[in-house]
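Each remark here refers to the structure printed beneath this line.
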Amino acid sequence: MQRPLRWLWLAVAIIVLDLATKYAASAWLEYARPVEVLPFFNLTLLHNTGAAFSFLADHPGWQRWFFAAIAVGASVGLTIWLTRLKRDETLLAASLAGIIGGALGNLYDRLVHGYVVDFLSFHVAGWYYPAFNIADIGITLGAIGLIWESVFGEKRRARQRS
């Protein structure tokens, strides 16, 4: 791929949007007090010291550094992978950049605050999906893109080359 690191602009955009929305949520929302936006969607400021779905959140603090190390390692590894992509692997490049941006957005929170700021809360019939943020969306969409590419990408590229 010619200039594969140009995809890092997407990671930077995710980081900026993530940090800006977390700042706004922290400034405007009262902790753990839902603000209804739609009948199935609230803005609810929460602090997560664990990982996804508050995994390991009840531990005494070592998980902060553990998840920070994972974020740094993953970002470095994915950036190296990004430099090795072929020209036609644009979905893969965007996916890697999304994961990098999300990982670094949440890393900032872990290092500066000791927790990740979450504020997007969806619910239905009394069931609440765990709150999340823009960084989590970048990671999730990036992971979906990686799965899509692993299932369909090589077949599509083989057809294009024929």
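In this text the structure is predicted, and so the values were computed from the model without any measurement.
The backbone N or O of Ile147 sits less than 3.5 Å from a side-chain atom of Ser150, completing a donor-acceptor pair. Checking side-chain atoms of Arg64 against main-chain N and O of Arg110 turns up a donor-acceptor pair under 3.5 Å. Judged purely by atom type and a 3.5 angstrom limit, Ser26 has no side-chain atom pairing as donor or acceptor with the backbone of Tyr23. At distances below 3.5 Å, not a single donor-acceptor pair connects side-chain atoms of Asn42 with backbone N or O atoms of Ser121. Without hydrogens or angle criteria, Glu89 side chain to Lys86 main chain gives a donor-acceptor distance under 3.5 Å. A donor-acceptor pair under 3.5 Å is formed between the side chain of Asp18 and the backbone N or O of Ala135.
Put simply, the side chain of Leu43 does not reach to within 4.5 Å of the side chain of Arg33, judged on heavy atoms. You'll find the side chain of Tyr115 stays beyond 4.5 Å of the side chain of Leu46, heavy atoms only. By the 4.5 Å heavy-atom criterion applied to side chains, Leu107 and Leu104 are counted as neighbours. Counting heavy atoms from C-beta outward, Asp118 and Leu45 have side chains that stay 4.5 Å or more apart. Looking at heavy atoms from C-beta onward, Phe67 lies in side-chain contact with Ile70 at the 4.5 angstrom threshold.
Aromatic ring orientation, Tyr108 versus His113: perpendicular (interplanar angle above 60°, classes split at 30° and 60°).
Here the closest non-hydrogen pair linking Ile14 and Gly101 is CG2-C, 3.8 Å. Looking at every heavy atom in both residues, Gly145 comes nearest to Ser95 through CA-OG, 3.1 Å.
The hydrophobic clustering, which links ILVMFWY residues whose side-chain heavy atoms are closer than 4.5 Å, places Leu38 and Ile137 together. Cluster membership for Phe40 and Phe119, using ILVMFWY side-chain heavy atoms within less than 4.5 angstrom, is shared. Linking Ile, Leu, Val, Met, Phe, Trp and Tyr residues whenever their side-chain heavy atoms come within less than 4.5 Å places Ile100 and Trp81 in a single cluster. If you chain together hydrophobic residues whose side chains sit under 4.5 Å apart, Ile139 and Leu141 never meet in one group. Follow the hydrophobic side-chain contacts under 4.5 Å out from Val116 and you never reach Val112; the two are in separate clusters.
Between His123 and Tyr129, the ring center distance fails the sub-6.0 Å criterion.
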**Message:** The test is side-chain contact (heavy atoms from CB on, under 4.5 Å); show your working for Leu96 and Thr79 and say whether it passes.
**Reply:** CA-CA 8 Å; Leu96 295 174; Thr79 302; over 6 Å; no

**Request:** Check the pair Thr44, Val35 against side-chain contact (heavy atoms from CB on, under 4.5 Å), reporting the backbone distance first and the verdict last.
**Result:** CA-CA 6 Å; Thr44 307; Val35 174; over 6 Å; no

**Request:** Test side-chain contact (heavy atoms from CB on, under 4.5 Å) on Leu82 and Leu78 and set out the steps.
**Result:** CA-CA 6 Å; Leu82 187 61; Leu78 295 177; over 6 Å; no

**Request:** Give the C-alpha distance, both sets of side-chain angles, the deciding distance and a yes or no for side-chain contact (heavy atoms from CB on, under 4.5 Å) between Asn106 and Asn133.
**Result:** CA-CA 9 Å; Asn106 283 341; Asn133 57 48; 3.2 Å; yes

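Between the side chains of Asp109 and Asn48, no donor-acceptor pair is found at a separation under 3.5 Å.
In summary, of the residues considered (Phe41, Trp127, Tyr128), a ring pair (Phe, Tyr, Trp, His ring centres under 6.0 Å) with Phe122 occurs for Phe41 alone. With respect to Ile134, the side-chain contact (heavy atoms from CB on, under 4.5 Å) criterion is satisfied by exactly one of Ile15, Thr21, Leu19: Thr21.
Taken to the nearest 0.5 Å, the CG atom of Leu91 stands 4.5 Å off from the CD atom of Glu149.
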